[in-house]
Asker: 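The following block contains the structure, expressed as C-alpha cells.
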Amino acid sequence: MPLKTTTGTHGAPAKGRGATINLEGRFEAWSREASDDGWFQEADDDANRPKTIVTEERAKSIISRNDSPDVGFTQSINPYRGCEHACTYCAAGDTPILMADGSIRALSELRAGDEIYGTRVAGKYRRYTKTRVLDHWSSIKPAFRITLEDGTQLVASADHRFLSNRGWKHVIGAEQGPRQRPFLTTANKLMGTGAFAEAVCETDEYRRGYLCGMIRGDGHLGSYSYERAHGRFDRIRSFRLALCDAEALLRAQDYLLDMDIATNEFRFQAAAGQRREMNAIGANSRWKVEAIRHLIAWPNEASRQWRAGYLAGIFDAEGSFSQTVFRIPNTDPEIIGWIRTSLQEFGFRFAVEHRPHQDRKPMDVVRLIGGLPEHLRFFHSFRPAIIRKLDLEGQAIKSDAKLRVVAIEPLGKAMRLYDITTGTGDFIANGVVSHNCYARPSHAYLGLSPGLDFETRLFAKVNAAELLREELAKPGYQCTPIAIGVNTDAYQPIERKYAITRSILEVMRETKHPVHLITKSALVERDMDLLVPMAKERLVTVTLSVTTLDNEISRRMEPRTSAPARRLKAIERLSAAGIPTTVNVAPVVPFLTDAEMEAILEAAAKAGAKGAGWQLMRLPWEVKDVFKAWLEANFPLKAAHVMSRVREMREGRENDPEFRSRMRGTGLLAELLGRRFRIAKERLGLGAHGMDLELDTALFTPPSVAGQGRLF
C-alpha cells in the first residue's frame with residue numbers, strides 16, 4: 001500500500017481531524033448537547049469535515065499478548081484499528097540514528113521533518129541518500145536484543161526488519177504457519193558500518209586541543225615591529241582566524257570566550273564568482289595574543305580529550321572528505337606528527353603520503369584507512385564542526401565490518417519501542433540499515449498517518465469472533481481475563497453498524513471467559529443483555545473513562561464521544577443492573593481538568609461506581625504536536641501554563657517513556673494529585689479499579705470451532 005502522510009495533493013496542507021496544521025477541520029466546534037451519547041452526529045456533520053472511511057478486513061489474529069509491567073492485563077482484543085472519537089490525547093528510544101549532517105541522534109528524539117540518511121538502489125549497489133522523517137511514533141512491545149560479531153547491539157520488536165546479505169529479514173519468525181516470514185539467523189550478515197562510536201566528552205582539555213588544531217592549521221598569530229616618528233619602534237601583536245564555514249568559526253570564538261578571551265568579528269573577504277564569503281575573528285591586544293599563544297602551545301603530556309579536540313580542530317581547518325577519501329594535509333612536520341600520534345592513541349589506521357614541490361614547501365597528507373566505518377568513527381568520536389564535510393550522499397553500503405548475527409535473544413519484557421516513517425522507507429540505526437515502520441501502532445504497516453488517517457481511515461476486523469473462537473479452542477490455551485478497548489475504543493461510532501464488539505462478547509459469554517471492558521461510550525448499555533448474566537458469574541467488569549464534567553471542554557477535546565453526563569448515566573444503569581462498574585479519571589490534564597478529580601469521583605460514586613482509578617495525560621511523540629496545537633486553538637491563554645505543568649510532572653520532558661512513572665508522573669504536583677485521589681477514594685468508599693477486580697477463570701469452557709460447546 002502506498003505511503004500516506006498528512007500532506008495533501010501536490011504538497012497542500014492536510015485538513016481535518018488529526019492534522020497538526022490548518023486547524024479549521026481538526027478543531028472546529030462540534031454541536032453536542034450535555035446528554036448526547038456521541039452516536040448520531042454524522043447526519044449533521046459539516047460537509048467540509050473529512051468523512052470516516054471504514055475498510056473491512058479479515059485479521060490474521062485477534063488476541064494480543066502483553067507482559068508490560070505497568071498494565072493490569074496479559075491479554076487484550078482490539079476489534080478496530082484507528083479510532084473515530086477524535087480525542088486529542090490518544091495514541092529502545094536510545095538507538096542512535098544517522099542524521100543528514102553526519103551526526104547522530106537518539107531515535108526517541110527525532111521529529112517529523114528531520115533530515116536523516118536512508119538508502120537507494122543505484123546500479124549494482126545500495127547507496128546512502130538523504131531523506132526526511134515523515135512520521136514518528138512509539139508502542140510497547142516485547143523486545144529482543146540482536147548482537148552482531150563486532151559487538152554491535154540492537155534492541156527491536158519481533159516484527160522489525162533489518163537489511164541482511166540475503167535481503168530484508170524480520171527479527172524473528174517461523175518456517176511455516178501464520179508467522180512464516182523471512183527472519184534473521186546466525187547465517188546472516190547485516191548491511192552497514194556497525195555500531196556508531198560514542199563522542200569524547202567536551203572538556204576544557206578538548207576545547208584547548210580544538211583551538212590548537214584550528215588556529216595552528218588555519219589561523220594567523222604573530223607580531224612585528226615598525227618605526228614610528230622620531231625613530232621610535234613599536235610592536236604590533238595580532239590574531240586572526242578567517243573561515244568560510246561559520247560553524248567552526250563560531251565554535252572557536254565560543255571556546256576562546258570560555259577562556260575569557262573575547263574577539264572581534266569582521267568580514268575578511270566578500271563573495272565573488274566561485275569564491276565564497278569569508279568571515280573572521282581577531283584580537284590585537286598584547287595580553288589576548290599572548291594568552292592565545294599559551295593556549296595553543298604543544299602540551300608536555302597530551303590527554304585523550306586534548307587529542308580528540310586537536311583532531312577535530314585540524315580537520316575543520318585543513319581536512320577534507322570526498323569520494324570516500326578522508327585527508328588531512330599540512331606542510332608543518334610538527335602538526336603532521338601530532339596528527340599521527342593522536343590517531344594512534346585512538347587506534348586508527350592511516351597512511352602518510354609525502355608530496356614534494358619545486359616552488360613551495362613540501363606537503364604531507366594523512367589519509368585514514370578503513371573506509372566508511374572508520375570515517376564515521378572519526379566524525380562521531382571527535383565531532384568536527386563543519387557539517388558540509390560529512391557528506392555521505394551516494395556512497396555504496398559496503399564494508400568489511402564484522403556484522404554477522406551471533407545472537408537473537410528475548411529480553412523477557414515489553415519496552416517502549418520507537419519507529420519512524422521516512423521518504424526512502426528505511427534509515428540507519430546504530431550503523432545498520434533498518435526498515436521503517438508506519439504511523440501509530442494500530443496502523444503499523446498500512447502506511448497511514450498518525451493524525452488524520454488514524455481518525456478517519458478505520459479498519460474493522462469483521463472476522464474477530466471467528467478468530468477468537470479458534471484461539472480459545474486451541475488445546476494449550478490458558479484462560480486469563482481479556483481486556484477489550486485498551487488501544488482503541490471498542491464502542492466507537494462505527495460499532496453501532498458493525499457490532500464486532502458484541503460478537504466478541506457473545507463468544508465470551510458462551511465460553512464463560514472473563515473480560516474487562518474499557519470505554520468512553522454509553523453504547524456499552526446496548527450489550528447489557530450479555531453483560532448481566534456474565535456479571536452474575538463474576539465474568540465481567542466495565543470501566544467508563546471520564547475526563548471532565550464540563551461538557552464544553554469535553555466537546556472540544558473528545559468531540560465524538562458520549563458527553564460526560566451521558567457516561568455517568570451509563571455507570572448508573574450498568575451498576576443498577578448488577579454489573580461491576582468503575583470509573584477511570586483519565587486523562588488528567590494539568591491546569592485544565594485536574595481540579596475536577598474529586599468532583600468526577602463524587603459523581604461516579606453517586607451513580608453507583610464500585611471502584612476508581614486515574615491516569616495522568618501522556619503525550620507520546622505521535623500526538624504531542626496535535627495536543628499542543630489543540631491547546632493553542634482552544635485555550636490560548638492556558639496553553640503555556642498547561643505545557644509547563646506537564647514538563648514539571650515529567651522531569652522536564654513532555655512525555656515519560658518509563659513504565660514506573662508514565663501513568664502517574666513525578667514531582668510535587670504529581671504526588672499531590674495522587675494524594676488527592678487516595679483521600680477522595682477512601683472518603684467515598686470506592687474500591688479497586690476495574691482491571692484490578694478478580695474475575696473467575698475456573699468456569700471457562702473451550703468452544704468448538706463450529707460454534708458448539710464441547711461435551712464432556
Asker: What's the spacing between Lys569 NZ and Ser562 OG if we round to 0.5 Å?
Answerer: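 Here the rounded value is 14.0 Å.
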Asker: Aromatic rings His380 and Phe196: how do their planes relate, parallel, tilted or perpendicular, breaks at 30° and 60°?
Answerer: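 Answer is perpendicular, since the angle exceeds 60°.
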Asker: Within the 4.5 Å heavy-atom criterion, are Tyr491 and Leu517 side-chain neighbours or not?
Answerer: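 Side chain of Tyr491 against side chain of Leu517, heavy atoms only: contact under 4.5 Å found.
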Asker: Answer yes or no: is there a donor N or O on one side and an acceptor on the other, between the side chain of Arg132 and the main chain of Gly113, under 3.5 Å?
Answerer: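 Such a contact is found between Arg132 side chain and Gly113 backbone.
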Asker: When you compare the side chain of Trp614 with that of Ile600, does any pair of heavy atoms fall below 4.5 Å?
Answerer: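 Ile600 does not reach Trp614 side chain to side chain.
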Asker: When you check the gap from the basic side-chain N to the acidic O, do Arg556 and Glu552 get nearer than 4.0 Å?
Answerer: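 A salt bridge is present here (some side-chain N lies under 4.0 Å from a carboxylate O).
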Asker: Is there side-chain contact between Ser521 and Gln492, with at least one heavy-atom pair below 4.5 Å?
Answerer: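 No; the side chains remain at least 4.5 Å from each other.
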Asker: How long is the gap from CD1 on Ile494 to NZ on Lys497, to the nearest 0.5 Å?
Answerer: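 Result: 9.0 Å between the selected atoms.
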Asker: Taking all non-hydrogen atoms of both residues, which atom of Ala670 and which atom of Gly665 are closest, and how far apart?
Answerer: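 The pair with the smallest heavy-atom distance is CB-C, 3.5 Å.
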Asker: Out of curiosity, Ile77 CD1 to His516 NE2, how far, rounded to the nearest 0.5 Å?
Answerer: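 Interatomic distance, Ile77 CD1 to His516 NE2, rounded to 0.5 Å: 12.5 Å.
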Asker: Can you name the closest pair of heavy atoms from Leu686 and Ala605 and give their distance?
Answerer: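 It is CD2-CB, 4.0 Å.
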Asker: Between NZ of Lys681 and CD1 of Ile679, what distance do you get to the nearest 0.5 Å?
Answerer: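 Going from NZ on Lys681 over to CD1 on Ile679, the span is 13.5 Å.
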Asker: Minimum heavy-atom separation for Arg111 and Ser108, please, with both atom names.
Answerer: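 Shortest heavy-atom separation between Arg111 and Ser108 comes out as NH1-O, 4.2 Å.
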Asker: Contact between Ile504 and Ile500 at the side-chain level, heavy atoms closer than 4.5 Å - yes or no?
Answerer: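 Counting from C-beta outward, Ile504 and Ile500 do come under 4.5 Å.
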Asker: Under a plain distance cut-off of 3.5 Å, with no hydrogens placed, do Arg567 and Thr561 share a side-chain donor-acceptor pair?
Answerer: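 Thr561 vs Arg567: donor-acceptor pair found between side chains.
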Asker: List the atom of Ala680, the atom of Leu601, and the distance in Å for their closest heavy-atom pair.
Answerer: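 Closest approach of Ala680 to Leu601, heavy atoms only: CB-CD1, 3.7 Å.
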Asker: When you look at Leu684 and Glu598, which way does the side chain to side chain contact (heavy atoms under 4.5 Å, CB included) test go after all the steps?
Answerer: CA-CA 10 Å; Leu684 297 168; Glu598 290 85 355; over 6 Å; no
Asker: Using modelled atom types and a 3.5 Å cut-off, is there a donor and acceptor pairing between side-chain atoms of Asp489 and backbone atoms of Lys520?
Answerer: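 Indeed, once roles are kept as given, a pair shorter than 3.5 Å links the two residues.
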Asker: Counting distance only, does the side-chain N/O of Ser103 pair as donor-acceptor with the main-chain N or O of Met99 below 3.5 Å?
Answerer: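 A pair under 3.5 Å: no.
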Asker: Flag the pair Asn584 / Leu544 as yes when at least one side-chain heavy-atom distance between them is below 4.5 Å, and no otherwise.
Answerer: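 They are not in side-chain contact.
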Asker: Heavy atoms, side chains only, cut-off 4.5 Å: are Ile484 and Ile518 in contact?
Answerer: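 No, every pair of side-chain atoms sits at 4.5 Å or beyond.
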Asker: Side chain to side chain contact (heavy atoms under 4.5 Å, CB included) between Val524 and Asp527: does it pass, once the steps are laid out?
Answerer: CA-CA 6 Å; Val524 66; Asp527 296 332; 5.7 Å; no
Asker: Checking Ser157 side chain against Ala143 main chain: does a donor-acceptor pair fall under 3.5 Å?
Answerer: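 It does not hold such a pair.
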Asker: For the pair Thr501 (side chain) and Ala490 (backbone), establish whether a donor and an acceptor sit closer than 3.5 Å, ignoring hydrogens and angles.
Answerer: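 Such a contact is found between Thr501 side chain and Ala490 backbone.
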Asker: Got a second to check how far Thr666's OG1 is from Glu648's CD, nearest 0.5 Å?
Answerer: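 Going from OG1 on Thr666 over to CD on Glu648, the span is 9.5 Å.
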Asker: Give a yes-or-no answer on whether the side chains of Asp426 and Thr119 include a donor-acceptor pair shorter than 3.5 Å.
Answerer: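 Yes - a donor-acceptor pair under 3.5 Å links their side chains.
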Asker: Kindly check if the number of other-residue, nucleotide or ligand heavy atoms within 6.0 Å of CD (Glu393) is above 12?
Answerer: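 Yes.
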Asker: Could you tell me whether the side chains of Thr548 and Asp550 share a donor-acceptor contact shorter than 3.5 Å?
Answerer: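 Absent: no donor and acceptor within the cut-off.
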Asker: Would you say the side chain of Tyr255 lies within less than 4.5 Å of the side chain of Glu202, judging by non-hydrogen atoms?
Answerer: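 Touching, per the 4.5 Å side-chain cut-off.
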Asker: Checking Tyr498 side chain against Ala460 main chain: does a donor-acceptor pair fall under 3.5 Å?
Answerer: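 No: the side chain of Tyr498 does not pair with the backbone of Ala460.
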Asker: Looking at every non-hydrogen atom in both residues, tell me the closest pair between Lys130 and Ala100 and how far apart they are.
Answerer: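 Shortest heavy-atom separation between Lys130 and Ala100 comes out as CE-O, 3.6 Å.
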Asker: Minimum heavy-atom separation for Leu568 and Ala607, please, with both atom names.
Answerer: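 Minimum heavy-atom contact is O-CB, 3.6 Å.
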Asker: Determine whether Leu631 and Lys638 make a side-chain contact, defined as any pair of heavy atoms from C-beta on separated by less than 4.5 Å.
Answerer: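 When only atoms from C-beta onward are counted, Lys638 and Leu631 do not touch, as no gap falls below 4.5 Å.
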Asker: Quick one: do Glu495 and Arg526 make a salt bridge, cutoff under 4.0 Å?
Answerer: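 Looking at Glu495 and Arg526, the cut-off is met.
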Asker: Any chance you could lay out the side chain to side chain contact (heavy atoms under 4.5 Å, CB included) test for Ile428 and Ile116, step after step, and finish with the verdict?
Answerer: CA-CA 8 Å; Ile428 313 303; Ile116 65 173; over 6 Å; no
Asker: Is there a donor-acceptor contact under 3.5 Å linking the side chains of Ser434 and His160?
Answerer: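 Yes, because at least one side-chain N or O of Ser434 sits under 3.5 Å from a partner of the opposite role on His160.
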Asker: Quick one: does Asp594's side chain have a donor or acceptor within less than 3.5 Å of a partner on Phe591's backbone?
Answerer: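 Judged by distance alone, yes, a pair lies under 3.5 Å.
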Asker: With a 3.5 Å distance limit and no angle check, can you tell me whether Arg388 reaches the backbone of Asp245 through a side-chain donor-acceptor pair?
Answerer: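 Absent.
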Asker: Quick check: does any side chain N or O of Ser575 sit under 3.5 Å from a backbone N or O of Ile571, one acting as donor and the other as acceptor?
Answerer: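 Here the side-chain-to-backbone pair exists.
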Asker: Could you tell me if Thr131 and Glu115 have a donor-acceptor pair between their side chains, going purely by distance under 3.5 Å?
Answerer: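 Not at all, the side chains of Glu115 and Thr131 share no donor-acceptor pair under 3.5 Å.
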Asker: Which value, rounded to the nearest 0.5 Å, describes the distance between Ile553 atom CD1 and Glu596 atom CD?
Answerer: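 Rounded to the nearest 0.5 Å, the CD1-CD separation comes to 5.5 Å.
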Asker: Check the pair Arg645, Met617 against side chain to side chain contact (heavy atoms under 4.5 Å, CB included), reporting the backbone distance first and the verdict last.
Answerer: CA-CA 11 Å; Arg645 286 202 172 184; Met617 180 189 66; over 6 Å; no
